[in-house]
Amino acid sequence: MEMKKYRILPLCALLSLIFASCREDYVVIPPEETVVDEGDPEASIVGFYLLNEGNMGTNKASLDYYDYTNGVYSVNIFPSRNPNVTKELGDVGNDLQIYGGRLYAVINCSNLVEVMTADSAKHIGMVDIPNCRYVAFYKDKAYVSSYAGPVEIGNMQLGYVAEIDTATLSVTRRCTVGYNPEQMVVLDGSKTPDGKPKLYVANSGGYNPPDYDNTVSVIDLESFTEEKKITVAKNIHRMQADGYGDIYITSRGDYYEDKSNLYCLDPRSGTVKKTFDIPATNICIDGDSLYIAAWETDNFSGEQKISYAIVDVSDEKVVSTSLIKDATTINIPYCIAVNPDTKEFIITDSGDYVSPGVLYYFNADGTLKWKQATGDVPGHIVFFCRSKNAD
């Protein structure tokens with residue numbers, strides 16, 4: 001049963017709204033807070049952050065936070081926690097990760113990576129990277145994929161990966177890859193053919209239809225050079241590593257004849273070991289289960305199809321083609337995430353892409369537990385465990 005909600009607007013929040021100082025006619029508005037669940041003070045995962053992308057050109061990327069310990073969901077927390085950051089998060093939030101006690105938000109069209117404290121989302125610094133897309137980590141380095149050229153269709157410039165020193169937030173090296181690089185996966189030496197750590201980069205070529213890229217770049221992290229490219233499929237996007245040394249990759253196809261699909265790459269042989277022939281837009285791996293949320297629009301008919309699935313990565317088989325077990329309907333399942341402790345899962349709905357989305361929080365059995373309005377285009381979720389993620 002969904003818990004009855006109520007809004008929290010304490011006196012201090014009201015006073016801060018009334019007497020907020022004006023920075024160039026900009027008023028800091030406190031986040032809207034809602035109690036959506038009972039809360040668990042003993043929860044080991046104490047919360048999750050949601051990065052809302054915001055529609056391109058609107059400068060409306062925003063950050064929400066859910067606190068498992070008290071059941072409070074807070075919408076748009078960045079302005080009040082960072083009143084001196086006048087431009088807030090920026091234009092189009094494209095990735096969100098926690099590493100080394102820091103929260104990294106990749107802001108695509110603002111050409112920057114915003115770095116915050118993981119426990120409070122307070123600004124630490126930023127790194128300027130043009131047309132940045134995703135971030136991955138290894139030891140004391142962060143790796144950010146970049147389209148390199150301008151944000152526009154027809155950009156034929158090869159992309160690159162920037163290496164960032166996490167202590168100084170300075171770019172130390174760059175490695176050229178394929179066209180329009182997207183998500184990345186790091187494998188340590190125990191899972192690579194030569195025993196050296198590698199970075200695998202999905203090259204989409206998404207700016208160059210119909211001549212999409214179809215390769216994964218393999219970067220040796222010691223020399224920071226591209227060793228080779230592995231052919232996978234047109235317009236690849238998401239990547240997730242399982243616990244067995246394989247990498248699962250999604251493709252968006254060409255939106256006409258070639259449909260969205262899921263592939264399993266064996267890094268040891270450098271070959272695609274399995275094609276699943278199922279739609280896959282967004283994926284996440286929890287243990288041996290790979291969760292899939294997919295939406296496809298047929299550019300011929302305009303028909304849109306929604307689907308879900310679970311793949312058992314231990315034997316590379318589809319074990320379910322459903323996730324939601326009640327009457328809950330989601331228009332565009334834009335993001336999917338799984339709480340590794342409780343196996344409860346989250347699916348966000350981006351709606352019409354220009355107004356607030358909705359976050360649906362499900363019990364592990366697939367029944368709806370609660371839902372909550374978010375910022376525009378809710379796209380990326382990361383869980384926060386204080387004992388592991390705090391400084």
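What you are looking at is a predicted structure, and each value in this text was computed from that prediction instead of being measured.
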Note to self: Set out, in order, the CA-CA distance, both residues' side-chain angles and the distance that settles ring-ring contact (aromatic ring centres under 6.0 Å, His included) for Y99 and Y138, then state yes or no.
What the structure shows: CA-CA 10 Å; Y99 187 77; Y138 184 70; 9.2 Å; no
Next item on the list: Give the intermediate values and the outcome of side-chain hydrogen bond (donor to acceptor under 3.5 Å, both in side chains) for residues S289 and D286.
Entry: CA-CA 5 Å; S289 296; D286 176 65; 6.0 Å; no
Next item on the list: List the steps, then state whether ring-ring contact (aromatic ring centres under 6.0 Å, His included) holds for F137 with Y104.
Entry: CA-CA 11 Å; F137 304 90; Y104 292 76; 4.9 Å; yes
Item checked: Evaluation steps, side-chain hydrogen bond (donor to acceptor under 3.5 Å, both in side chains), between E163 and Y143 -> CA-CA 5 Å; E163 179 187 74; Y143 299 95; 3.2 Å; yes
Note to self: Would N52 and D64 count as a side-chain hydrogen bond (donor to acceptor under 3.5 Å, both in side chains) here? Give the steps.
What the structure shows: CA-CA 8 Å; N52 300 289; D64 296 354; 3.3 Å; yes
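When atom types are taken as modelled, the side chain of S146 and the backbone of A148 share a donor-acceptor pair closer than 3.5 angstrom. At distances below 3.5 Å, not a single donor-acceptor pair connects side-chain atoms of D326 with backbone N or O atoms of T367. The backbone N or O of V135 sits less than 3.5 Å from a side-chain atom of D95, completing a donor-acceptor pair. Between the side chain of N363 and the main chain of D365, no donor-acceptor pair closer than 3.5 Å is present. Judged by distance alone, with hydrogens and angles left aside, the side-chain atoms of D213 form a donor-acceptor pair with the main-chain N or O of Y179 at under 3.5 Å. Side-chain N or O atoms of N82 include one that pairs as donor or acceptor with a backbone N or O of A121 at under 3.5 Å. In this structure a side-chain-to-backbone donor-acceptor pair under 3.5 Å is missing from S217 to V177. The backbone N or O of I107 sits nowhere less than 3.5 Å from a side-chain atom of R133 that would complete a donor-acceptor pair. Formation of a donor-acceptor pair under 3.5 Å by the N203 side chain with backbone atoms of G178 is found in this model. Under the 3.5 Å distance criterion, the side-chain polar atoms of D91 are matched with a main-chain donor or acceptor of G57.
A side-chain N or O of N108 and one of N131 form a donor-acceptor pair less than 3.5 Å apart. Side-chain contact check for S260 and E296: no donor-acceptor pair (N or O, by modelled atom type) lies under 3.5 Å. S204 and N180 form no side-chain donor-acceptor contact under 3.5 Å, judged by distance and modelled atom types alone. When only modelled atom types and interatomic distance are considered, S223 and D220 share a side-chain donor-acceptor pair under 3.5 Å. Of the N and O atoms on the side chains of Y160 and R173, not one donor lies less than 3.5 Å from an acceptor on the other residue. Between S251 and N235, the side chains place no donor N or O within less than 3.5 Å of an acceptor N or O (distance only, hydrogens not considered). No hydrogens or angles considered: nothing links the side chains of Y73 and E32 as a donor-acceptor pair under 3.5 Å. Checked by atom type, the side-chain pair D258/Y212 shows no donor-acceptor distance below 3.5 Å. Under the 3.5 Å distance criterion, with hydrogens and angles disregarded, no donor-acceptor pair is assigned to the side chains of Q183 and H237. Side-chain atoms of D266 and S269 include a donor-acceptor pair closer than 3.5 Å. Side-chain contact check for H380 and Q97: no donor-acceptor pair (N or O, by modelled atom type) lies under 3.5 Å.
For the pair D119/F384, a side-chain contact is recorded, criterion being any heavy-atom separation below 4.5 Å from C-beta on. The closest side-chain heavy-atom distance from N261 to T275 is below 4.5 Å. I247 has its side chain within reach of L187: a pair of non-hydrogen atoms, C-beta onward, lies under 4.5 Å apart. Side-chain contact between Y66 and V72 is absent, with no heavy-atom pair separated by less than 4.5 Å. R102 places a side-chain heavy atom less than 4.5 Å from the side chain of L169. I292 is not listed as a side-chain neighbour of L323, based on a closest heavy-atom distance of 4.5 Å or more.
Rounding to the nearest 0.5 Å gives a distance of 6.5 Å between OG1 of T58 and CG of D376. Separation of atoms CG (L96) and OH (Y49) is listed at 9.0 Å; rounding is to 0.5 Å. To the nearest 0.5 Å, the span separating CD1 on I346 from CD1 on I381 amounts to 4.0 Å. Once rounded to the nearest 0.5 Å, the distance linking CG of D246 with CG of L290 reads 11.5 Å. Note that CH2 of W295 and CD of Q304 are 9.0 Å apart. Values are rounded to the nearest 0.5 Å. Between the SG atom of C109 and the CG atom of N59 there is a distance of 10.0 Å, given to the nearest 0.5 Å.
Around the NZ atom of K325, the shell of radius 6.0 Å holds more than 12 heavy atoms that belong to other residues, nucleotides or ligands. Taking a 6.0 Å sphere around NZ of K343, one finds it holds more than 12 heavy atoms contributed by other residues, nucleotides or ligands. Counting non-hydrogen atoms of other residues, nucleotides and ligands closer than 6.0 Å to CD of E257 gives a total of 12 or fewer. In K196, the NZ atom is not crowded: 12 or fewer heavy atoms of neighbouring residues, nucleotides or ligands sit closer than 6.0 Å.
Aromatic ring orientation, Y361 versus F48: parallel (interplanar angle below 30°, classes split at 30° and 60°).
Scanning both residues, P197 and E222, for their nearest heavy atoms gives CD-OE2, 4.1 Å. Smallest separation of non-hydrogen atoms from P209 and G206: CD-O, 3.7 Å. Minimum interatomic distance between Y65 and G47 (heavy atoms only, all atoms of both residues): OH-CA, 3.4 Å. Closest of all the heavy-atom pairs between P378 and Y334 is O-CD2, 3.3 Å. Looking at every heavy atom in both residues, N282 comes nearest to I336 through O-CG2, 3.8 Å.
Between D312 and K317, none of the side-chain N atoms (NZ, or NE/NH1/NH2) sits under 4.0 Å from a carboxylate O, so this pair counts as no salt bridge. With salt bridges taken as basic N to acidic carboxylate O contacts below 4.0 Å, none links K198 and D188. A salt bridge between E182 and R252 is present, with a side-chain N of the basic residue lying under 4.0 Å from a carboxylate O of the acidic one. Here K273 pairs with E316 in a salt bridge; the nearest charged N to carboxylate O distance falls below 4.0 Å.
The aromatic ring centres of Y147 and Y207 sit less than 6.0 Å apart. Centroid-to-centroid, the aromatic rings of W370 and Y360 stay 6.0 Å apart or farther. The aromatic ring centres of F345 and Y308 sit 6.0 Å or more apart.
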